[in-house]
Novice: 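I am attaching a structure below and will ask some questions about it afterwards.
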Amino acid sequence: MIENFKVLGYDSEFNGIIKKGSNTFTLPRVIKGEEIQADITLKPKLSARLTKVISPASSRIKPLCEYYLQCGGCALQHIKYEEQLKMKQELVSNLFKEAFDKEYEVLPTIGMKDPFYYRNKNQVVFKNVKGKLTCGMYQSGTHNVIGTTNCYIQDKIVDKIVTTIKDLMQKQRLSAYDEDRKTGLIRHVLVKTSKATKEVMVVLVVGSEVFPGRSNFVKALVARCKEITTIIQNTNTRVTNAVLGDKETVLYGKGYITDILLGLKFKISSKSFYQINPEQTEKLYSKAIELANLTKADNLLDAYCGVGTIGLIASSHVSKVTGVELVKDAVNDAIMNAKANNINNVRFICDDATRFMVNSARQKQSFDVVIMDPPRKGSDKPFLDALLKLLPLKVVYISCNPHTQVDDLKVLLEKYEIKSIQPVDMFPHTHHVENIVLLTLKNKK
């Protein structure tokens, strides 16, 4: 049935909320306060479909992207960027109020001057769709490939490279890999870029080690896309959602690229975890270090350290840094990054962060400050319990998922208090928000 509704608010992914009686429905691409028309269904399950925006919000704009309605990757492009930043601040504020039954001051979200073309890591899927070679993005929540030729959040060079690869595949009669039939060749193309050094990495993810005409393919690709500085073949023959496989061969260049972040050089390999928005990463790390108020006497622990970015950047502010990371390739990169930047007061340990914390607490080690940046699922109880035994004076908790962050903070607030909450918009036009929380020991200054 089609009825008129007022959008009452948002869910955790900024879908609009409407109500009919005791039933609650969510709708994408609507804005709080708008009068809308929607077609709702009660059986066999609750669902709603937007049919018309009757009274548009003043913050509503026309999305730039022609694939906006199909893709779903930039679900907030219909909202002015300034309003997006306010929405993310409000989301964090509501989360903390609900979790702790207390009003906390949440600082305004740190945004971008130009919130487009910011991604330095981009994955494009290749598939044969109805006998036609197609490349682009997965439609949100599906395995349907949306053929795209322009994306407003990825580096502009990606479109040129992917279009060239598609053209070369057609000329050399190379097909996309078919997981069901185990035929074809290219599954994905991964492109990593550095705006600071202008270096570009292309990873050809293939479903077979046999790559017909590989040498000619690489030569033609480099000739047409002179921006490319290295090309890697990654072989992934598994039926998996993971993009990259284990085996790699460098086909051109040195096999990695280098980026510069806050004056330091960082090696980026195909499997390195590295923040995807370099401009915002500098703001994120600068704010985290500012909130930590580090001193030259501090012994700093960087948990879940990845390739060592924040620990290395903080190293000039402290006496020593210990970085802990489970992924061996990332630790190797972190060690190389320290050497490349002539930093000698940092050590990196390849270990599970929780196991390291538990062992450190058992051995009664001491850290003055802990910076933790766990994966989206958050940390775990043994890690948090160990942190409460180590009792550093300050904890800076960086999270890409404030929902799991507040769950972890419920444990830590046994002995800590929240001093500052700072959201950072790492992913403009999406529902994601990064959040920094500064914790200090209770009754300590």
Side-chain angles (χ1 to χ4, degrees), residues 92-93 95-106 284-285 287-295 297-306 308 310-311 314 317-327 346-423 434-445:
V92 173
S93 181
L95 270 176
F96 277 72
K97 181 179 180 181
E98 182 180 338
F100 305 112
D101 194 26
K102 178 181 177 179
E103 291 276 2
Y104 282 100
E105 179 188 6
V106 176
L284 176 76
Y285 289 170
K287 178 56 70 172
I289 291 170
E290 175 192 323
L291 292 175
N293 193 23
L294 301 168
T295 74
D298 284 337
N299 180 9
L300 171 67
L301 173 64
D302 178 11
Y304 313 94
C305 72
I310 194 166
H317 300 270
V318 299
S319 171
K320 58 181 178 179
V321 179
T322 301
V324 181
E325 169 61 47
L326 180 61
V327 179
V346 177
R347 64 172 182 142
F348 292 104
I349 298 171
C350 186
D351 198 358
D352 173 73
T354 295
R355 183 165 54 235
F356 175 86
M357 291 292 285
V358 170
N359 290 336
S360 296
R362 187 180 298 125
Q363 296 165 13
K364 297 184 178 179
Q365 294 188 31
S366 176
F367 298 100
D368 301 298
V369 182
V370 171
I371 296 178
M372 53 185 290
D373 188 358
R376 285 192 62 78
K377 65 180 181 180
S379 194
D380 55 29
K381 189 70 163 47
F383 179 104
L384 301 172
D385 288 342
L387 184 58
L388 291 176
K389 292 177 182 177
L390 287 169
L391 285 184
L393 295 175
K394 288 172 281 191
V395 176
V396 179
Y397 190 150
I398 302 172
S399 174
C400 60
N401 186 352
H403 296 84
T404 56
Q405 185 184 42
V406 294
D407 290 337
D408 291 347
L409 292 175
K410 289 175 184 177
V411 178
L412 296 180
L413 290 191
E414 175 191 337
K415 296 183 179 180
Y416 287 88
E417 56 186 343
I418 295 172
K419 285 296 186 181
S420 189
I421 304 171
Q422 176 65 74
E434 201 94 2
N435 196 45
I436 311 169
V437 175
L438 170 66
L439 300 168
T440 60
L441 275 175
K442 290 179 179 178
N443 303 319
K444 295 278 185 179
K445 294 187 177 181

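In this chain, numbering begins with 1 at the start of the sequence shown.
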Novice: One pair to check against side-chain contact (heavy atoms from CB on, under 4.5 Å): Glu105 and Ile421. What are the steps and the verdict?
Specialist: CA-CA 7 Å; Glu105 179 188 6; Ile421 304 171; over 6 Å; no

Novice: Would you say Asp298 and Thr295 are linked by a side-chain donor-acceptor pair, where the criterion is simply a distance under 3.5 Å?
Specialist: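 On atom types as modelled, these side chains qualify, holding a pair under 3.5 Å.
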
Novice: Show the nearest heavy-atom pair for residues Val92 and Pro402, with the distance to one decimal.
Specialist: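 Val92 and Pro402 have their closest heavy atoms at CG2-CG, 4.4 Å.
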
Novice: Before you tell me yes or no, could you show the steps for Glu325 and Phe348 under side-chain contact (heavy atoms from CB on, under 4.5 Å), namely the whole-Å CA-CA distance, both residues' side-chain angles and the distance that decides it to 0.1 Å?
Specialist: CA-CA 8 Å; Glu325 169 61 47; Phe348 292 104; over 6 Å; no

Novice: Taking all non-hydrogen atoms of both residues into account, name the closest pair between Tyr397 and Asp408 and its distance.
Specialist: OH-OD2, 2.6 Å

Novice: Say you draw a straight line from NE2 of His403 to CG of Leu95; how long is it, rounded to the nearest 0.5 Å?
Specialist: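 CG of Leu95 is found 4.5 Å from NE2 of His403.
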
Novice: To the nearest 0.5 Å, how far apart are CG in Leu441 and CG in Leu412?
Specialist: 10.5 Å

Novice: Can you name the residues that form a salt bridge (Lys or Arg N to Asp or Glu O under 4.0 Å) with Lys394, not counting sequence neighbours?
Specialist: none

Novice: Please list, one pair per line, the donor and acceptor atoms closer than 3.5 Å that link side chains of residues 368-386 to other protein atoms, with sequence neighbours excluded.
Specialist:
from, atom 1, to, atom 2, distance (Å)
Asp368, OD2, Asn299, N, 2.6
Arg376, NH1, Cys400, O, 2.9
Ser379, OG, Tyr304, OH, 2.8
Asp380, OD1, Thr354, OG1, 2.8
Asp380, OD1, Phe383, N, 3.0
Asp380, OD2, Thr354, OG1, 2.9
Lys381, NZ, Asp385, OD1, 3.1
Lys381, NZ, Asp385, OD2, 3.1

Novice: Can you see which heavy atom on Asp302 is nearest to which on Gly311, and at what distance?
Specialist: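 Heavy atoms of Asp302 and Gly311 come nearest at OD2-N, 3.2 Å.
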
Novice: Could you report the tightest heavy-atom contact between Leu291 and Ser420, atom names first, then the distance?
Specialist: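 Taking every non-hydrogen atom into account, CD2-OG, 3.6 Å.
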
Novice: State, yes or no, whether a side-chain contact exists between Leu413 and Leu439 at a heavy-atom distance under 4.5 Å.
Specialist: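 Contact flag for Leu413/Leu439 side chains = yes.
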
Novice: Tell me, please, which residues at least two apart from Gln365 pass side chain to side chain contact (heavy atoms under 4.5 Å, CB included).
Specialist: Arg347, Ser360, Gln363, Phe367

Novice: Could you tell me the separation between the OG1 atom of Thr440 and the CG atom of Leu438, rounded to the nearest 0.5 Å?
Specialist: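 Between Thr440 OG1 and Leu438 CG, I get 6.0 Å after rounding to 0.5 Å.
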
Novice: When rounded to the nearest 0.5 angstrom, what distance separates NZ in Lys442 from CD in Glu414?
Specialist: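 Reported to 0.5 Å precision, the distance equals 8.0 Å.
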
Novice: Could you go through Leu388 and Tyr416, starting from their C-alpha distance and side-chain angles, then the distance that decides it, and tell me whether this counts as side-chain contact (heavy atoms from CB on, under 4.5 Å)?
Specialist: CA-CA 9 Å; Leu388 291 176; Tyr416 287 88; 4.0 Å; yes

Novice: Evaluate the criterion side-chain contact (heavy atoms from CB on, under 4.5 Å) for residue pair Met357 and Val324; output intermediate values, then yes/no.
Specialist: CA-CA 9 Å; Met357 291 292 285; Val324 181; over 6 Å; no

Novice: Taking atom CG of Asn435 and atom CD of Gln405, what is their separation to the nearest 0.5 Å?
Specialist: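 Nearest 0.5 Å value for the CG-CD distance: 4.5 Å.
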
Novice: In Å, rounded to the nearest 0.5 Å, how long is the span from CG of Leu326 to CG of Asp351?
Specialist: 7.5 Å

Novice: At their closest point, which heavy atom of Ala314 faces which heavy atom of Leu294, and how far apart are they?
Specialist: CB-CD1, 4.0 Å

Novice: Using the ring of each side chain (for Trp, its six-membered ring), is Phe96 parallel, tilted or perpendicular to Phe100, with breaks at 30° and 60°?
Specialist: tilted

